[in-house]
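Down below is the structure, laid out as structure tokens.
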Amino acid sequence: MNPRPVRPGGSLPQNLLALGSLSLAVGLAVWQQRALGRHRSTPVTAVERPATTFSDVAGLIEAKEELAEIVTFLRDPDRFLRMGARMPRGVLLAGPPGTGKTLLARAVAGEAGVPFFAMSASQFVEVYVGVGAKRVRDLFAAARREAPAIVFIDEIDAIGRRRGDSQSHQEYEQTLNQILVELDGFHPRQAVVVIAATNRSDILDPALLRPGRFDRRVELTLPDRVERLAILQVHAQDKPLAPGVDLDRLAARTAGLAGADLENAMNEAALLALRRGDEVITQADLEEAVDRVIAGPSRRSRALSPRERETIAVHEAGHALVAHQLAGADAPRRVTILGRGLMGGATVLAPEEDRRLWTRSQFLDRLAVLLGGYAAEEFRFGEVTTGSSGDLSQASALAQAMVTSYGMGRSLRGRAFEPTGPLSDAMSRAIDDEVAALVGEALELAGRTIGNAAHLLDALVAALLAEETLDEARLAAILGPRPARPAMN
Ligand code: ATP
């Protein structure tokens with residue numbers, strides 16, 4: 001719209017006409033600004049009372065157990081108050097994309113029967129400084145009015161990055177500060193629980209995680225085979241499946257996929273059946289749907305190839321076996337080939353007691369456990385993959401500390417070195433040599449331990465490939481009793 005200029009000296013009707021179109025133009029501009037302004041300052045908040053319950057969430061048993069207390073609290077906050085218990089404030093749901101964080105938060109609201117105020121952190125922030133902070137204020141004010149209530153902040157890492165990171169800027173900081181102010185400002189009687197979701201908890205500002213803020217953390221992992229079957233079953237409930245359809249077969253070949261991808265696959269299978277003009281979903285539809293999801297661009301996770309699965313199983317079995325066999329190491333408690341991060345599995349060790357003092361041989365055993373995955377890959381495949389990089393940097397750091405802080409080198413005994421202090425070239429070289437010797441010694445120990453118990457490595461790998469996660473009891477059944485612990489701990 002181009003308002004015609006009001007030409008001085010023009011005839012009256014002409015001027016009137018011009019004025020008319022000018023005011024129309026101004027009117028339009030004002031309207032537009034208001035509309036845009038409304039768009040800008042209206043929080044993209046959705047408030048609802050979800051009908052979702054824990055029965056809609058398959059698997060994730062531990063997470064549900066942890067959140068059950070929040071449900072109890074929201075149902076009857078006064079009971080907590082009478083007990084003098086500290087109210088839960090903030091819960092951080094951390095886990096890979098598509099593992100059901102939003103679903104779980106909605107289920108908490110559904111179970112408790114309270115309103116659910118949802119917002120995505122990336123929507124808090126726009127180009128106009130101050131908009132994010134205002135949105136946070138509005139959101140919390142609305143939730144307080146409706147308390148008990150849940151505020152759900154998705155993608156908290158979008159604004160909750162460590163302050164001072166190159167990516168953070170003023171607007172992010174203001175928004176983050178406002179969230180902290182709101183969390184700190186809860187009146188003890190206000191039953192508003194804030195649930196934040198992230199798949200990058202490693203980059204969150206530590207200020208968010210302090211007591212009284214997001215001090216409860218619930219970890220969600222990729223679903224294991226049993227959980228994948230349960231998720232497929234949940235999403236098959238409203239779909240007509242042909243007789244004899246075997247969902248467990250799909251669960252078996254979808255290691256590495258998240259719940260969202262499995263839901264997507266079930267939906268895709270229904271569409272395929274429709275396209276065929278069929279009334280029921282067949283096994284072939286399901287198989288093809290899974291193929292499409294695995295190959296498609298919209299997946300949130302990545303299915304592991306058989307070779308990757310085997311490599312991860314060998315790697316984790318290596319950690320677990322070395323941890324089990326070496327008396328100075330902590331015993332393995334849980335091993336899984338489904339990782340938290342992008343790739344890889346995890347081996348969780350059980351510290352038997354809070355140790356304060358470590359001997360050199362205990363540290364050496366610990367180093368060997370760290371290098372157990374690397375050693376197992378080398379033992380089984382004759383070469384290693386990139387999967388050990390995290391282990392290697394931890395092992396190097398430990399070996400470095402043994403030499404520079406604890407006097408546990410072979411030749412540099414009885415001395416400590418300031419990591420930042422001035423060191424002569426010769427001394428730096430001596431330290432490097434000592435660190436290399438320690439790592440070499442530990443790697444040799446790990447390799448020998450694995451070589452001497454190759455049958456146990458094979459048994460662990462087979463069990464991991466079949467079951468994906470092995471708990472303490474399964475590990476004990478496969479590995480047998482641990483060697484006796486040394487006298488001094
Ligand atoms: P993102 O990090 O990408 O936001 P998210 O962890 O919040 O993902 P959701 O959005 O909750 O994941 O999951 C998407 C969908 O996947 C859910 O609506 C649900 O249909 C399905 N889903 C995921 N996990 C489960 C589960 N454990 N049980 C049943 N369905 C699930």
Side-chain angles (χ1 to χ4, degrees), residues 44 46 48 50-68 91-111 116-124 150-160 194-204 214 217-239 247-248 250-251 254-271 286 289-290 293-294 296-303 338-342 468-469:
V44 202
E48 48 172 333
T52 316
T53 65
F54 280 156
S55 64
D56 297 307
V57 186
L60 300 178
I61 293 174
E62 283 169 27
K64 281 195 252 183
E65 274 170 12
E66 288 189 56
L67 291 169
V91 182
L92 185 70
L93 293 182
T99 41
K101 298 182 288 293
T102 312
L103 181 71
L104 206 50
R106 291 169 60 87
V108 172
E111 291 279 339
F116 181 74
F117 292 80
M119 209 158 174
S120 174
S122 56
Q123 294 170 333
F124 279 124
I150 283 192
V151 171
F152 177 65
I153 305 178
D154 204 0
E155 303 174 80
I156 183 90
D157 43 283
I159 44 172
V194 189
I195 301 184
T198 180
N199 44 44
R200 292 296 314 273
S201 57
D202 53 316
I203 57 165
L204 287 183
F214 292 102
R217 185 194 173 97
V218 177
E219 290 278 350
L220 307 191
T221 46
L222 285 172
D224 64 18
R225 179 171 171 171
V226 174
E227 289 174 317
R228 291 197 301 274
L229 176 61
I231 294 172
L232 289 167
Q233 281 163 342
V234 162
H235 293 287
Q237 264 167 14
D238 58 348
K239 297 185 177 61
L247 292 180
D248 193 36
L250 299 176
T254 43
L257 287 193
D261 302 308
L262 297 172
E263 190 269 334
N264 195 3
M266 285 306 292
N267 187 51
E268 187 73 21
L271 295 177
L286 289 163
V290 164
V293 167
I294 289 175
S298 64
R299 70 184 184 275
R300 302 206 215 184
S301 49
R302 194 161 83 71
L338 298 168
R340 292 230 169 95
L342 293 176
E468 294 174 358
T469 300

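Numbers here simply count residues along the sequence, with the first being 1. Just follow the structure's listing: the first ligand is 1, and inside any ligand the first atom is 1. This is a predicted model, so every value here is computed, not measured.
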Exercise. How about Phe117 and Phe152: are their ring centres within less than 6.0 Å of each other?
Worked result: no
Exercise. Can a salt bridge be assigned to the pair Arg106 and Glu48 using a cut-off of 4.0 Å between side-chain N and carboxylate O?
Worked result: yes
Problem set entry | Those atoms of ligand 1 less than 4.0 Å from some heavy atom in Leu60 | 27 (N)
Exercise. Which atoms form the tightest heavy-atom contact between Ser55 and Val234, and what is the distance?
Worked result: O-CG2, 4.3 Å
Exercise. For atom CD1 of Ile61, is the number of surrounding heavy atoms from other residues, nucleotides or ligands below 6.0 Å larger than 12?
Worked result: no
Exercise. Can you find a heavy atom in the side chain of Met266 that is under 4.5 Å from one in the side chain of Leu286?
Worked result: yes
For this session: Could you tell me whether the side chain of Arg228 and the main chain of Pro223 form a donor-acceptor pair under 3.5 Å?
Result: yes
Problem set entry | Region of Asp56 that comes within reach of ligand 1 [heavy atoms, distance under 4.0 Å] | backbone
For this session: Check each atom of ligand 1 against the heavy atoms of Asn199 and keep those under 4.0 Å away; list them by number with element.
Result: 2 (O)
Problem set entry | Option of least heavy-atom distance to atom 16 (O) of ligand 1 (set: Ala260, Ala230, Ser120) | Ala260
For this session: Pick out which of Val226, Asp224, Leu222 makes a side chain to side chain contact (heavy atoms under 4.5 Å, CB included) with Glu468.
Result: Asp224
Exercise. Donor-acceptor pair, Lys239 side chain versus Asn267 backbone, under 3.5 Å?
Worked result: no
Exercise. Looking only at heavy atoms, is any part of Leu220 under 4.0 Å from ligand 1, and if so is it the side chain, the backbone, or both, or is it neither?
Worked result: neither
Problem set entry | For atom 26 (C) of ligand 1, the option (of Gly100, Ala58, Gly259) bearing the nearest heavy atom | Ala58
Problem set entry | Ile231 N/O under 3.5 Å from ligand 1 N/O | no
Exercise. Under 4.0 Å from any heavy atom of Glu263, which atoms of ligand 1 are there?
Worked result: 20 (O), 21 (C)
Exercise. Given His235, Arg106, Glu227, which one has a non-hydrogen atom that is nearest to atom 20 (O) of ligand 1?
Worked result: His235
Exercise. Closer than 4.0 angstrom: is that true for some heavy atom of Gly98 and an atom of ligand 1?
Worked result: yes
For this session: Report yes if some N/O of Thr102 lies less than 3.5 Å from some N/O of ligand 1; otherwise report no.
Result: yes
Problem set entry | Test item: Glu62 and Glu219 side chains (from C-beta on) under 4.5 Å apart, heavy atoms | no
For this session: Check each heavy atom of Lys101 against ligand 1 and say whether those closer than 4.0 Å belong to the side chain, the backbone, both or neither.
Result: both
Exercise. Can you check whether Leu103 has an N/O within less than 3.5 Å of an N/O in ligand 1?
Worked result: yes
